[in-house]
Amino acid sequence: MSYKSKTPSFARPTRRAFLGTTAAAAGLVSAGTLLSTRPALAQPKRGGTIRAAKGHGNTGDTLDPATWTNGFTVALTFGMNGFLTKVGVDGSLQPEVAESWEASPDAKVWRFKIRQGMTFHSGKPVTLDDVIASVDYHRGEDSKSVAKPLVAPIVSISKEGEDTVVFELETGSADFPFVFTDYHMAICPSDGEGSIDWRSGDGCGAYKLVEFDPGVVARFERFENDWDQDRGFFDAVEMLSILDLNARTTALISGDVDVIDKLDLKTVGLLGRKPGVAIHSIAGPQYYSFAARADLAPVDNANVRLALKHAIDRQELVDKILFGHGTVGKDQPIGPSYRFHDPDLAQTPYDPDKAKFYLKEAGLDGMNIKLSAADAAFPGAVDAAVLYQNSASKAGITIDVNRVPNDGYWSDVWLKHEFCAVYWGGRPTEDQIFTTAFAGGADWNDSYWKNARFDELLVMARAELDEAKRREMYYEMQQLVSTDGGTVLPMFANFVFATSDKVSYGDMASNFDQDGERWMERWSFA
């Protein structure tokens with residue numbers, strides 16, 4: 001689909017020009033890492049048009065919040081939409097459309113006071129009905145939303161007075177307000193018929209959408225009547241989907257864009273030495289993995305899953321794919337940035353002999369499996385698959401690397417192929433990442449893994465208000481995913497991106513890429 005408002009577009013360079021000039025980027029060579037941490041201005045300057053090139057985006061992307069899957073649509077929604085709550089730069093929970101909230105003693109009933117005087121970009125006031133319809137859109141048997149598991153514990157939603165929405169939950173949830181920070185949970189106008197109007201692109205964020213051409217570009221203009229005048233400092237924003245790494249890099253070096261993501265980590269040090277370029281490498285919850293479908297033979301055998309985990313050399317991937325911009329993973333997503341991270345969880349070592357042992361336990365002398373990869377999954381994903389192929393061969397595991405196109409990767413490969421490369425930006429809480437990506441039957445459980453004990457603990461931990469007991473539960477869940485799950489998770493990857501020296505910024509959030517993907521509202525020109 002293509003969306004255009006009646007607002008005239010502003011002048012810009014074309015995507016074709018970026019894709020046609022890659023020589024400068026191709027000439028970069030390996031060098032050491034350079035990090036730039038220029039401080040923010042005390043008073044951000046208003047004005048100008050920032051242009052960003054994203055290594056994400058599909059031609060099948062839409063404005064439907066139930067379907068967003070990639071960094072392009074995440075940045076799009078955080079720019080144009082409002083959310084009940086948001087994650088601050090320091091990782092704390094902060095108000096947005098909801099100005100405050102409170103819970104019952106058992107955390108089963110939550111009251112959110114909705115900010116008054118807010119309007120959508122069309123001028124329509126943001127009402128309690130809009131909030132309820134936006135949350136309900138992700139609930140119910142007919143919902144196709146990826147966020148459906150996050151809101152499944154909600155039993156009822158009601159209005160209280162003129163400014164409060166009340167959520168009643170099936171069981172207590174200590175982290176419930178964090179649910180609404182998920183990028184699918186945008187507040188959209190109610191359509192008056194029990195659903196929402198997402199097709200119009202009418203949001204209540206810092207920027208209004210001017211044009212959306214899926215897989216190509218999204219353009220925005222500052223919303224002058226935004227309730228928060230301490231955000232949204234650019235006059236306009238242009239965000240291009242440029243999957244080609246060399247084209248993105250060339251666009252930054254030539255000054256055609258002001259920010260790019262998904263850098264070539266082999267050459268990031270030299271890129272940082274270019275005049276006017278700053279490199280940012282920020283540790284957070286992002287991880288790169290290989291999802292093996294545990295619902296298909298032979299991966300449905302737990303011993304085969306262990307063999308796959310012992311057949312990968314994690315340190316080699318960190319050294320050769322991340323070039324130091326990350327750490328070794330333990331086949332589960334709760335890294336050091338999380339509150340309930342288990343630092344004593346045992347590592348699964350690269351051990352070809354042990355991998356052979358587990359194959360024999362599964363009744364196999366060897367195995368063949370096809371691993372699909374494209375750099376749309378993560379920078380260097382194809383190279384990582386080849387390294388995995390080489391290390392696994394010593395364990396009697398033949399990995400056939402299936403190089404697939406970047407475009408359409410998230411719609412045609414992920415969740416469909418038997419084994420594929422994946423990146424996850426992480427989530428602000430353990431409950432969110434476990435619920436979204438590992439709960440049995442969850443739409444985005446990309447290994448299709450099911451474990452009754454894990455699913456039981458997931459519900460129990462969510463409702464547990466005792467900190468020590470909750471920690472024990474999350475430790476056990478990390479152990480279960482690490483030893484039994486279908487996800488081979490070899491590394492946590494820093495968020496690495498580059499900006500021009502025209503861009504001013506403060507401390508960077510680490511909960512998601514590019515300042516929590518809220519760069520549109522937080523950054524300005526120097």
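In what follows, every heavy atom counts, from backbone to side chain, and hydrogens, waters and symmetry copies are set aside. Keep in mind it's a predicted model, so treat the numbers as computed, not measured.
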- Is it true that Arg427 and Asp182 make a salt bridge, defined as a side-chain N closer than 4.0 Å to a carboxylate O? yes
- Task: Could you tell me whether a side-chain N or O of His325 sits under 3.5 Å from a main-chain N or O of Ala493, the two making a donor and an acceptor?
- Result: no
- Task: May I ask you to say whether Arg111 pairs ionically with Glu160, meaning some side-chain N is under 4.0 Å from a carboxylate O?
- Result: yes
- Item | Rounded distance (nearest 0.5 Å) linking atom CD1 of Ile242 with atom NZ of Lys262 | 13.0 Å
- Task: Taking Asp61 for its side chain and Asn58 for its backbone only, find out whether a donor-acceptor pair lies under 3.5 Å.
- Result: yes
- Query: Donor-acceptor pair, Asn445 side chain versus Trp449 backbone, under 3.5 Å?
  - Reply: yes
- Item | Cation over ring face, Arg222 and Tyr207, 6.0 Å, 45° | no
- If the plane angle is over 60° it's perpendicular, under 30° parallel, otherwise tilted; pick one for Tyr183 and Phe512. perpendicular
- Message: Let me confirm one number: the CZ-OG distance from Phe112 to Ser100, rounded to the nearest 0.5 Å.
- Response: 9.5 Å
- Item | Ser134 (side chain) donor-acceptor with Cys188 (main chain) under 3.5 angstrom | yes
- Should Phe525 and Phe234 be marked as a side-chain contact (heavy atoms from CB on, under 4.5 Å) after you check the CA-CA gap, both sets of side-chain angles, and the distance that decides it? CA-CA 8 Å; Phe525 281 129; Phe234 302 108; 3.8 Å; yes
- Between Asp443 and Lys148, is the closest basic N to carboxylate O distance under 4.0 Å? no
- Answer yes or no: is there a side-chain heavy-atom contact under 4.5 Å between Glu168 and Val166? no
- Item | Asn511 side chain to Gly284 backbone, donor-acceptor under 3.5 Å | no
- Can you find a pair of side-chain heavy atoms, one from Val155 and one from Phe167, that are under 4.5 Å apart? no
- Sole residue of Thr487, Leu489, Asp446 in side chain to side chain contact (heavy atoms under 4.5 Å, CB included) with Trp424: Asp446
- Query: Which one of Tyr423, Phe497, Trp68 satisfies the ring pair (Phe, Tyr, Trp, His ring centres under 6.0 Å) criterion with His56?
  - Reply: Tyr423
- Interatomic spacing from OG in Ser500 to CG in Asp258 - rounded to 0.5 Å: 4.5 Å
- Task: Run the salt-bridge test on Glu418 and Arg293 with the 4.0 Å N-O cut-off and return the result as yes or no.
- Result: no
- Task: Mind telling me whether Trp519 and Trp523 have parallel, tilted or perpendicular rings, with 30° and 60° as the class edges?
- Result: tilted
- Item | Donor-acceptor pair, side chain of Thr435 and main chain of Gln432, under 3.5 angstrom | no
- Are the side chain of Thr73 and the backbone N or O of Asn70 linked by a donor-acceptor pair below 3.5 Å? yes
- Could you state the interatomic distance from CG (Leu371) to CZ (Phe419), rounded to the nearest 0.5 Å? 5.0 Å
- Gap between atom CD of Glu96 and atom CZ of Phe180 - 0.5 Å precision: 13.0 Å
- Judged by modelled atom types alone, do Ser200 and Asp197 share a side-chain donor-acceptor pair under 3.5 Å? yes
- Closest non-hydrogen atom pair, Ser510 against Phe495: O-CE1, 3.3 Å
- From the list Lys54, Lys86, Arg522, salt bridge (Lys or Arg N to Asp or Glu O under 4.0 Å) with Glu517 holds only for Lys54
- Message: Between Asp515 and Arg518, does any side-chain N to carboxylate O distance fall below 4.0 Å?
- Response: no
- For Arg115, all residues meeting salt bridge (charged side-chain N to carboxylate O under 4.0 Å, His left out), sequence neighbours excluded: none
- Message: Pairing donors with acceptors under 3.5 angstrom, does anything connect the side chains of His280 and Thr499?
- Response: yes
- Using the side-chain contact (heavy atoms from CB on, under 4.5 Å) rule, take Phe290 and Val422 through it: C-alpha gap first, then chi angles, then the decisive distance, then the call. CA-CA 6 Å; Phe290 300 101; Val422 187; over 6 Å; no
- Item | Whether Asp244 side chain and Ala247 backbone form a donor-acceptor pair below 3.5 Å | yes
- Item | Shortest non-hydrogen contact from Met118 toward Trp227 | CE-CD1, 3.4 Å
- Item | Short side-chain donor-acceptor distance under 3.5 Å, Asn494 and Ser281 | yes
- Polar side chain donor-acceptor pair, Asp64 to Tyr137, under 3.5 angstrom: yes
- Task: Please round to the nearest 0.5 Å and tell me the distance separating atom CG of Asn81 and atom CG of Leu209.
- Result: 9.0 Å
- Of all heavy-atom pairs between Ala381 and Ala374, which one has the smallest distance, and what is that distance? CB-O, 3.3 Å
- Is a side-chain N or O of Asp130 found less than 3.5 angstrom from the main chain of Thr127, in a donor-acceptor match? yes
- Does the side chain of Asp431 come under 3.5 Å of the side chain of Thr429 through a donor N or O and an acceptor N or O? no
- Think Lys208 forms a cation-pi with Phe223, using NZ or CZ under 6.0 Å from the six-ring centre and within 45 degrees of its axis? no
- Task: Check whether any side-chain N or O of Thr181 sits under 3.5 Å from a backbone N or O of Phe178 as a donor-acceptor pair, and report yes or no.
- Result: yes
